[in-house]
Structure formats: structure tokens, C-alpha cells
There are 2 protein chains.
Amino acid sequence: MTNTIKNMDELAKASGVSRPTVSKYFHDPDSVRASTRERIEAAIRAHDYRPNIYAINQNRKLTKNVGIVVPHLADPFFAEIARAIEQLCIEAGFSPTMYSSYGDAQQEIEILDSLRSLKPAGVLLAPLGHDSDLKRLEKFCKSVPTVLVDSNIQGLGEAFIGSDNASFVNQTVEYLVRTGEPPLFFEMETPSNPNADHRRETYIAKMDSMGFEPEIVGVPGKGWNFEEIGYRGAHDLLDKGIPKRSILCSNDRLAIGFLSAAYERGLTVGRQPGDTLRLASNDDHPYARFTCPSLTTAAHDYEAVSTHSVRTLVERIEQGSALRTRQETRYPARLVLRNSS
Amino acid sequence: MTNTIKNMDELAKASGVSRPTVSKYFHDPDSVRASTRERIEAAIRAHDYRPNIYAINQNRKLTKNVGIVVPHLADPFFAEIARAIEQLCIEAGFSPTMYSSYGDAQQEIEILDSLRSLKPAGVLLAPLGHDSDLKRLEKFCKSVPTVLVDSNIQGLGEAFIGSDNASFVNQTVEYLVRTGEPPLFFEMETPSNPNADHRRETYIAKMDSMGFEPEIVGVPGKGWNFEEIGYRGAHDLLDKGIPKRSILCSNDRLAIGFLSAAYERGLTVGRQPGDTLRLASNDDHPYARFTCPSLTTAAHDYEAVSTHSVRTLVERIEQGSALRTRQETRYPARLVLRNSS
DNA sequence: TAAAAAATTTAACGCGCGATAAGTTTGACC
DNA sequence: GGTCAAACTTATCGCGCGTTAAATTTTTTA
């Protein structure tokens with residue numbers, strides 16, 4: 001008796017209203033009179049009715065779906081960004097779906113391809129960067145309102161919202177210099193993300209401007225096992241002796257690997273007089289508090305990036321195909337002092 | 001000229017076949033003659049056509065969708081399980097979608113509710129456990145073929161596939177006893193997962209059977225910030241002096257917090273003669289290799305769990321509503337010896 | 001209380017595809 | 001060359017809803 005309702009027609013009859021009115025109700029509950037709204041809602045509750053999504057989306061010009069695409073969900077940084085964005089999308093009345101390309105450009109394209117057939121209202125995309133298939137990405141961005149997050153690709157999408165890499169590195173370099181000595185820059189030889197390039201460039205510029213000689217160590221290794229790469233790279237580096245007392249890692253995951261290697265070698269890392277090394281990094285990874293020693297790092301403004309990017313996408317969706325000028329927004333970092341330097 | 005094709009009718013005309021044949025092709029490309037298959041595929045390529053998912057799913061009795069629901073995607077353990085399962089589902093010809101309840105029972109229910117309207121062929125569910133709304137969960141499992149993963153709930157779903165908690169703890173306890181002394185068990189006072197209970201029970205039973213007195217420390221704290229909880233709990237514990245030389249943590253994330261606290265206190269953890277503490281744990285968290293010292297732990301058989309659970313679900317889907325007896329499968333752990341004990 | 005405005009009803013079409021039945025063509029085989 | 005099954009075509013219905021237009025009712029406003 002409670003589950004005999006299969007479609008809107010029956011729901012309409014059960015609640016004593018016409019089907020177009022019920023349809024209107026689902027489109028916007030406030031568009032019907034309070035009295036009819038209550039009748040409809042009573043029937044919905046009584047029969048546990050939910051409209052058929054597929055029938056809805058087939059006929060609507062625009063769905064309420066949004067895609068969230070990140071390079072690697074197993075990376076806590078992206079997991080956190082994705083979580084925040086997902087929540088905000090729900091609050092804005094959309095149905096977000098999360099996708100991860102797991103560092104694979106081919107999969108990134110496949111995700112976007114299958115996303116296209118979901119006719120999403122919009123997409124929040126944190127692209128792989130260098131590895132991405134730019135032509136396919138560009139084609140996609142032209143067919144679906146897309147906002148780029150975290151990693152920028154020139155001219156692509158409606159807008160870019162991310163973190164200001166220069167702010168990160170300037171603060172960490174400044175801090176290390178002010179409280180000790182100019183740092184060596186420790187990074188991946190072939191980073192899988194454009195942000196790494198900006199960090200390197202900022203490091204060089206900053207060192208130059210302060211009158212120091214930039215010194216960069218690029219460790220080999222591909223893929224997304226950054227800790228492993230940092231670990232091996234640190235061992236290789238330290239095999240040749242300690243190059244400098246201060247080290248700045250391009251990102252926290254490399255630093256985690258570095259600290260692990262340093263620990264194994266019995267090197268003490270920190271700002272105490274007896275310590276052999278000082279280490280700082282960027283990102284404020286969720287585990288940066290729990291490394292040994294805890295990691296001095298520059299923190300993203302997760303909340304600002306996620307709220308701004310969702311807000312931008314929603315605005316873009318609501319005002320239709322209004323092509324404003326593409327805006328790029330970069331939020332500064334917040335230096336977090338811990339025990340590693 | 002290339003994008004004038006909107007539906008199957010036009011695609012059929014463009015390729016010179018009838019629409020039912022095209023429909024048949026999409027259902028199973030091998031069900032049409034090779035020559036017509038080529039003609040269709042040529043037209044698809046030429047016009048970049050993709051069938052409308054919503055129209056397809058509206059009419060199919062069963063969709064090809066499967067839901068993957070985990071308690072917390074930001075936890076690397078679940079991120080890894082979800083990734084593996086997602087990949088296997090794709091290979092099996094399904095369209096997986098990932099959902100995370102982020103530790104919130106209310107959200108777990110909402111996910112399942114919205115999942116229901118996607119008419120999924122099946123669901124792979126790693127339930128929250130204690131916190132889950134069992135009645136709603138039960139209702140859901142009756143309406144959608146569901147396979148439980150990682151965390152079992154008696155009688156729920158078609159099957160359960162997870163890890164054998166007893167195997168984990170038996171191995172870690174045995175190892176600690178054999179190479180040193182019986183361990184203290186370090187866990188959360190109110191764990192958010194039934195697996196923790198099984199681990200505790202196994203610890204007690206194992207200690208009893210070996211003739212030792214079980215000793216358990218339950219640290220306060222709620223939520224999913226296990227590292228933080230372990231960190232604070234360790235400090236509290238160590239404030240009262242070192243209770244025992246061997247400590248077994250219920251899971252790696254607690255251990256990561258513990259190691260961080262121990263490091264801050266200048267305690268050396270390991271199996272060397274001079275070390276003050278030995279620490280072991282369970283899960284083989286992706287970062288267990290990079291803690292300081294690296295963590296001795298019991299590893300899940302990720303691959304076995306994920307392949308078996310996907311295979312079970314696919315079988316269940318393909319053989320319709322064949323109600324076999326519910327099976328529970330638990331894979332044993334693999335002890336990973338590192339430097340913490 | 002009448003007129004205007006808002007809400008609702010009735011009727012009907014379309015979306016893109018699944019599915020089926022009956023007739024027609026194709027290709028393999030002896 | 002004839003036979004027959006497999007493959008294909010034509011025709012047609014239905015899915016559950018969006019959407020629209022015109023007619024009707026209800027509520028608000030003057």
C-alpha cells in the first residue's frame with residue numbers, strides 16, 4: 001500500500017494535485033502554494049517517493065550534476081580539497097561526483113569523456129598539469145563550464161583558483177634565512193605538477209634577490225610516490241655528505257621521505273644548537289604535525305580555495321554563458337612553525 | 001558536419017543500418033556482424049557520438065552502475081581500497097561511483113538514499129560500523145545487492161569480505177613476545193569501528209593463552225583524527241612513566257601519533273638494546289614505511305580483499321536474485337618487520 | 001464585491017532509448 | 001542451387017518526466 005507509487009502521475013493522484021504542479025514542486029518547492037506543498041509533501045512521505053533521476057535529466061536542458069576531478073585522491077591534500085568542495089556543492093544544491101585520475105593522463109581524459117555524457121552543469125577540475133592532454137582538455141572546457149583548481153593551465157576554463165606558490169616559497173625561504181642560513185632547494189627532477197615549477201622559480205628569484213646563490217637538488221623518480229622518492233633522494237644526497245644546514249623541500253610529501261631517511265642516518269633535524277639539519281617545506285600536509293620532528297611548512301588556505309572555486313562555478317552556471325574575463329586567484333600561504341626548523 | 005548527430009536514429013542513418021541494430025551493437029558489439037560493426041564504429045568515430053546515458057538507464061531494467069561507499073576517503077587505507085575496487089569495477093564493465101560518509105552516520109544514510117535512486121546494479125559498502133543506522137542499512141541491503149567490505153555487520157548484505165583481525169593481532173603479539181616481552185594494547189576508548197573490538201578481544205585471548213596478563217590502555221577521543229588521538233593519548237600515558245617496554249597499537253594511525261609523541265619526549269623506539277620502547281601496530285598504512293622509526297605492522301591483503309569483493313558482487317549481479325548462503329571471508333595478515341620493534 | 005493576479009488543471013507533445021513482433025535479407029553449408 | 005539459421009529491417013509501443021498552451025479555479029488587490 002505504501003510502495004505502489006511508481007511515477008509522478010500516481011503521486012499526483014495520491015496527493016490530489018495535477019502532475020505539472022507536482023513537477024513544478026520538485027523544480028522549486030516554493031513555487032507552489034503552501035497548502036498544496038504540504039499535500040504533496042505528505043504524499044511523498046507516506047509513499048517514500050523519489051522522482052526518477054534518469055527521466056528528469058533526460059529532459060532537463062541542464063542537470064544539477066557537477067564533476068570534481070582531482071589528480072590523486074589517495075594524496076591527502078587532494079582528498080581534503082575534494083571533500084571540502086564536495087560538501088560545498090551539496091550545500092549549493094548540486095549533486096557532485098568525485099573522480100580521480102590517479103596520476104594517469106589517459107584516465108583523466110576518459111573521466112572527462114564519460115563526464116561529458118553526464119551533461120554536468122559544471123566541473124571543478126584540478127588537472128594533472130604537465131602530463132595532461134592539453135588539446136582534449138581545451139576541447140572539454142569549451143563544452144562544459146569548468147573551473148580550474150590548484151593547478152593552472154593558461155587560458156583554460158572559466159577561472160583559476162589556487163594557492164600562491166610564490167607566497168609559499170618566499171615565506172619559507174625568508175624564514176630559513178632569517179633564523180639561520182639560505183636553504184638548498186630539494187625537489188623532484190621531473191615534477192608531475194606545474195606548481196613545482198613555480199616554486200622552483202620563486203626559490204631562484206628569492207635567493208637572487210637576497211644575494212645568495214641558489215642551489216637545487218633534483219631527485220630522480222616518477223609517479224606519485226613522493227615519500228619514496230624523497231626518501232631515496234635524501235639518502236643519495238646525504239651519502240655525499242651534508243651539503244647545507246638548511247633544506248627547503250618543494251612539498252611536504254618529499255619532506256616526509258627526507259625526514260625518514262635522516263632519522264635512519266641518525267641525523268637530528270631541527271633548530272636546536274646540536275641539530276645537524278634544518279628542514280622546511282610547503283603544503284601543510286595533514287601529517288606534517290606528526291612527523292619526527294614535526295614539520296615547519298607553509299599552509300594552504302583550503303577553505304578559501306574551495307569556497308571561492310565553488311562560488312565561481314555556481315555563478316558561472318547561473319548566469320548562463322556569460323563570458324566574463326577569465327580570472328585567476330591565488331591565495332597566500334600561512335607559515336606554520338614547528339620543530340624541523 | 002561532424003556534430004549534427006544527436007541520437008541513435010541519426011547515427012543509424014549515418015552508418016546505413018537500422019536503429020535496433022545500433023542499439024544491439026551498444027548492448028554487445030559482438031552481437032552484430034563484423035561488417036556492420038565496422039560501419040557503425042566508423043560513424044561513431046566520424047561523429048564523436050555517445051549514447052545518452054539517461055535515456056539508456058531509464059529503460060534498462062538494470063543499470064551498469066555500482067556504488068562504492070567508504071567511511072572516510074581521506075584515510076589512506078580506504079583511499080587505497082576504494083581505488084583498487086573502482087579499477088576492478090571498470091574492468092568488469094561497470095560504472096563505479098565513489099562516496100565517502102566522512103565518518104558521519106547521517107551522511108552514510110543520505111548516500112545510500114541517493115544511491116537507491118541511481119538504480120545501481122550493486123553496491124560495495126564499507127560501513128561505518130557501530131555508528132551506522134542498522135535499520136536503514138538493512139532496508140537498503142534488501143533493495144540493492146550489496147557486498148560488505150572491511151567491516152562486517154552480522155547478516156547484512158550478500159557477503160562479507162575483509163581482513164582477519166585475529167590473524168593481525170595474533171601475529172603482532174606473538175612476534176613481540178617472542179623477541180621481547182608481552183605488549184600493552186593501545187587503542188581508542190570508544191573505537192569507531194567494529195574491527196577494533198575484534199582486535200582487542202584477540203589481544204586478550206592471545207595474552208591469556210600465552211599465560212600473560214592483558215593490559216589495555218583506552219585513550220579518549222572521538223572522530224577520525226586518529227593520529228591526534230594517538231599523539232595525545234601517548235603523551236598522557238607516558239606522563240605517568242613508561243608502563244611496559246612493548247606496545248601494540250590497534251592501528252597504524254594511532255601508532256603514527258604515538259611515535260610522534262615518543263619522539264618529542266626523546267624516547268627512542270626500536271629493537272636495539274638502548275631503545276626504551278618497542279612499538280608494533282596493524283594495517284600497514286602507506287606511511288608506515290616512513291615513520292621514525294619505520295613501523296613494524298601487520299599488512300592487509302588489499303588485492304585479495306578488493307578482487308574477491310568485486311568478483312562476489314559481479315557474480316551476485318549476474319545470477320540475478322539467487323539467494324545463496326551469505327559467505328564471510330577474512331584474509332590473513334602479513335607481518336611486516338621494520339624498525340619500531 | 002468586482003477586477004486583476006496568481007495558482008492550478010487539462011491536454012498533449014517530445015526526449016532518446018529499450019524492447020518486441022513480424023517480415024526480409026544475408027551468408028554458410030551440404 | 002537450395003536450405004536454413006542468423007542477421008537485419010520496419011513498425012510500433014512504452015519509460016517517466018519536462019514543457020507548453022489554453023482553460024479554469026483560487027487568492028489577492030482595489
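Residue numbers start from 1 in every chain, and the chains themselves are labelled A, B, ... in the order their sequence lines are given, proteins ahead of strands. Note that these values count all heavy atoms, side chains included, but never hydrogens, waters or copies made by symmetry.
When rounded to the nearest whole Å, the span between OH of A:Y54 and P of C:dC17 equals 16 Å. Atom CD1 in A:I56 sits roughly 7 Å away from atom P in D:dC17 (whole-Å rounding). Separating the CG atom of B:L62 from the C1' atom of C:dA19 is a distance of 16 Å, rounded to the nearest angstrom. Straight-line distance from the CD1 atom of A:I53 to the P atom of D:dG18: 12 Å, rounded to whole Å. The distance between atom CG of B:D9 and atom P of C:dG16, rounded to the nearest whole Å, is 10 Å. Atom CD1 of A:I5 is separated from atom C1' of D:dC17 by 15 Å (rounded to the nearest Å). The distance from atom CD1 of A:I40 to atom C1' of C:dT8 is 11 Å, rounded to the nearest whole Å. Atom CD of A:Q58 and atom C1' of C:dG14 are 10 Å apart (whole Å).
The pair A:E80-A:R83 meets the salt-bridge criterion, with a side-chain N (NZ, NE, NH1 or NH2) lying under 4.0 Å from an Asp/Glu carboxylate O.
Distances shown here put every side-chain N or O of A:Y25 at or beyond 4.0 Å from the OP1 or OP2 atom of D:dC17. An OP1 or OP2 oxygen of C:dG16 is reached within less than 4.0 angstrom by no side-chain nitrogen or oxygen of B:Y49.
The backbone N or O of B:A304 lies less than 3.5 Å from no partner atom in the side chain of B:H308, so there is not a single donor-acceptor pair. Under the 3.5 Å distance criterion, the side-chain polar atoms of A:D9 are left unmatched by any main-chain donor or acceptor of A:A12.
Axis deviation across the helix from C:dT1-D:dA30 to C:dC30-D:dG1 amounts to 10°, comparing end segments of five pairs, rounded to 10 degrees.
Checked against side chain to side chain donor-acceptor pair (under 3.5 Å), B:Q107 has no partners two or more places apart in sequence or in another chain. Under the side chain to side chain donor-acceptor pair (under 3.5 Å) criterion, B:N152 pairs with B:R326, B:E328, not counting sequence neighbours. For B:S163, the side-chain contact (heavy atoms from CB on, under 4.5 Å) partners are B:F168, B:H300, B:V305, not counting sequence neighbours. With sequence neighbours excluded, no residue forms a side chain to side chain donor-acceptor pair (under 3.5 Å) with A:S151.
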Sugar-phosphate atoms are those with a prime plus P, OP1 and OP2; base atoms are the rest. Using that split, label each nucleotide of nucleotides 6-14 of chain D B, S or - for protein heavy atoms under 4.0 Å, 5' to 3'. -SSBBBB-B
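Checked by atom type, the side-chain pair B:E108/B:S132 shows a donor-acceptor distance below 3.5 Å.
Picking from C:dG18, C:dG16, D:dG16 the nucleotide with the shortest atom distance to the side chain of B:N52 gives C:dG16. The nucleotide whose nearest atom lies closest to any side-chain atom of A:A55 is, among C:dG18, D:dG16, D:dG18, D:dG16.
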